[in-house]
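Structure first, then comments.
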Amino acid sequence: MRYSENRDSVTAQVKEQADIVQIIGEYVDLKRAGARFLGRCPFHGEKTPSFSVHPGQQFYHCFGCGESGDVFSFMMKYHNLDFPTALQTLAKRYQIELPEKQYSQAEQEKEHLRKAMYAINEKAARLFRDYLLQGKGAAGARAYLERRGIPLAIQEKFQLGYAPAVETVGWNFLGAGLQGEESAAAEAVGLLVRNDKGGTYDRFRDRILFPIFDPKGRISGFGGRIVGDGQPKYMNSPESPVFDKSRLLLGLFQQAGEIRSRQRVVLVEGNFDLVSLVVHGCPNVVAPLGTALTRPQLKLLRHYAENAILLFDGDTAGVKAAIRAVPLFLAEQMSAKVALLPSGHDPDTFIREKGLEQLERLLDGATPLAEFALAKLIEEHGLTLDGKRKIVEELRPLVQAAASPLQRSVVIAHFSEKLGIPAQQLSELLADHSPVVSPAGTPASRRSLEQQYSSSTQKREPNRFAHEGKERVRLNGAQKRLVAHMVLYPVHFLRLEQAGLRQRLAFSVGEVLFLQLAALHAKGREFEPEELLAALPEGEERALVAEILLAASPASSENGHYSGTEEELAELLLWLKKEELKERDRKLTVEIENVPRDEHEAVMQLLLEKQKIDKELRALE
């Protein structure tokens, strides 16, 4: 048996043995409600329970936020795991042995190096932590943390450490205690740097160190803040196979639970800003690693919260950082606001001087990020004709980053109202990739806005969101019944497919589900409807499958297995046959109308064929 087939078999075994009520019940207070269990959703804040778990079908769905899936989906979403890790976790719990994948020699060496890198980071973190607590040369670092108001409990929570200064321990404090593979791993992650003579020296010296954890709790790298004089003030580990600062966030591992429970994350720019907010009672906070926010960081955050607030300094740099973030949030369809601090304050000084209550007021009064960006552009350029031209140019990349047509329409509608430009015309200007200038190259401010709109209308693009040239159609009653049957009874899928199922679902959400079911059938094994749910990404298709499973009568499934009646299948096959004949009949009618009148033989042939189809249809009625 191939590895993939063996893994699929074990996955099905794990799912069959896993008790989804027991597993979810460890994190959610569930109470029986008929055949299901209800509780408050762990993925969004709610007071009235709307999170439903169905033990027979091994499936959950939240009527509040739409989250749904099986036991693997829950483990992945709640613990931010990938599928292999979720499978390993559950297999270990139920004492099911997983098949071992055969790796090439190069793959084995690469994985061995990664494990060695994580291990040396862990060892280094312990050494730096111990030195901060006990080292004679760390007195200045301990005094610095005391002045910043960081108590021992918070230091321990974030595992803060200290890399001693050269004057105290020399250039090789860390490297002196390493040899062989550990030394090579330390050099690979950037803890040690090779010198011109072939030896090594410590990268971090006289710095308070923040270990940077990945979502699984492994130390990927370090961020260091200088204690004495020296530059740069902050320094991160260099990029390595285990450290990519564009994909990590300081504090996320420690604060994930608070962020998820509040469904809101506060983003600050500095390491000590983050720690200070946690100290003073604002726990749902993270910080990027000394760089601008990135889309992978927002993708990561979306696993924990849908709402974000940027808490930035009120200077020019803070404003620019907030505006740069707009397209990223739009692309990830994540709600974001910005709260600017008063002049002279950063998050640390503000909360220490003003307190948590004032900070909460500032956060609660935050401005939606897109509105903030537009207001700043209007403030900068004004609402003259030339000012509007410049604003449209700067808004273009923001609007084009919107992930969906609906989101783009909402943003444009809001911007058009503020700018006094009709939404349709603003949409056309923003969709045009060329600068807003006159044909002769002169600035657009030399012409009226009405002229710009007129010219842009002439080069209007067709609907770019059409699917193969057609809009996605809504399911009618018969199609809904077909989709529900093919989802609940996969064993009937091939017979429905042969009867022309896909043609009847063309350009609808049903066709997408058809293709996914076809892919599952291609694996050559039986599967349950919940596997379709697990295979679908979040969106319209998954929501429809969740609705179908939850609406299914308890009598239609026994021990979690659905058993559709042959009578219902026969009805659907009959309907498909009729629809096929009707379609052929319509096509023949069109052909007959288009045949030249003098081609009598061709007309007669088509008429005979049509009569045959009409007879078949009457027989099926």
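In this text the structure is predicted, and so the values were computed from the model without any measurement. Just so it is clear, the values below take in all heavy atoms, side chains as well, and ignore hydrogens, waters and symmetry mates.
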Anything under 30° is parallel, anything over 60° is perpendicular, the rest tilted; go ahead and classify His492 against His485. parallel
Do Cys62 and Phe43 come close enough that some side-chain heavy atom pair is under 4.5 Å? no
Taking all non-hydrogen atoms of both residues, which atom of Met334 and which atom of Ala308 are closest, and how far apart? CE-CB, 4.1 Å
Arg93 bridged to Asp19 by N-O distance under 4.0 Å: no
Determine the minimum heavy-atom distance between Ala373 and Leu398, stating which atoms define it. CB-CD2, 4.1 Å
With rounding to the nearest 0.5 Å, note down the distance linking CZ in Phe63 to OG in Ser50. 8.0 Å
Go through it in stages, so that I can follow the logic: the residues are Phe415 and Leu395, the test is side chain to side chain contact (heavy atoms under 4.5 Å, CB included), and I'd like the CA-CA distance, side-chain angles, deciding distance and then a yes or no. CA-CA 9 Å; Phe415 286 170; Leu395 286 179; 3.6 Å; yes
Can you confirm whether Glu26 is buried at CD, in the sense that more than 12 heavy atoms of other residues, nucleotides or ligands lie under 6.0 Å from that atom? yes
Atom of Ile23, atom of Val71 and distance for their closest heavy-atom approach: CD1-CG2, 3.5 Å
Is the number of heavy atoms from other residues, nucleotides or ligands within 6.0 Å of NZ (Lys418) greater than 12? no
Locate the shortest heavy-atom distance separating Asp82 from Lys216; write the atom from each residue and the value. OD2-NZ, 3.7 Å
If you round to the nearest 0.5 Å, how far is CD of Gln297 from CG of Leu328? 9.5 Å
Classify the ring geometry of Phe493 against His521: parallel below 30°, tilted from 30° to 60°, perpendicular beyond 60°. parallel
Measuring centre to centre across the rings, with the benzene-like ring taken for any Trp, is Phe158 within less than 6.0 Å of Phe210? no
Check for me whether Arg504 meets the cation-pi criterion with Phe514, that is, NZ or CZ under 6.0 Å from the six-membered ring centre and within 45 degrees of the ring axis. no
Step through it carefully: locate the ring centre of Tyr27, locate the ring centre of His79, and say whether they are under 6.0 Å apart. yes
Tell me the closest heavy-atom pair linking Phe213 and Leu248, and the distance in Å. O-CD2, 4.1 Å
Interatomic distance, Met76 atom CE to Leu87 atom CG [nearest 0.5 angstrom]: 10.5 Å
Just by modelled atom types, is the Tyr304 backbone N or O under 3.5 Å from a matching donor or acceptor in the Gln263 side chain? yes
Stepwise, does the side chain to side chain contact (heavy atoms under 4.5 Å, CB included) test hold for Gln516 with Glu541? CA-CA 10 Å; Gln516 187 65 60; Glu541 294 82 10; over 6 Å; no
So for atom CZ, which belongs to Arg218, do other residues, nucleotides or ligands contribute more than 12 heavy atoms lying within a distance under 6.0 Å? yes
Minimal heavy-atom distance between Ser68 and Ser73, with the atoms involved, is O-CB, 4.4 Å
Taking Val242's backbone N and O only, do any of them form a donor-acceptor pair with Ser220's side chain (distance below 3.5 Å, no angle check)? yes
Give a yes or no on whether a salt bridge exists between Glu511 and Arg502, defined as a side-chain N under 4.0 angstrom from a carboxylate O. yes
Answer with yes or no whether the side chains of Ser276 and Asp273 bring together a donor and an acceptor at under 3.5 Å. no
Are any of the side-chain heavy atoms of Val28 and Phe37 separated by less than 4.5 Å? no
Lys/Arg N to Asp/Glu carboxylate O, Glu258 vs Lys157, below 4.0 Å: no
Could you check whether atom CZ of Arg247 has more than 12 heavy atoms from other residues, nucleotides or ligands sitting under 6.0 Å from it? no
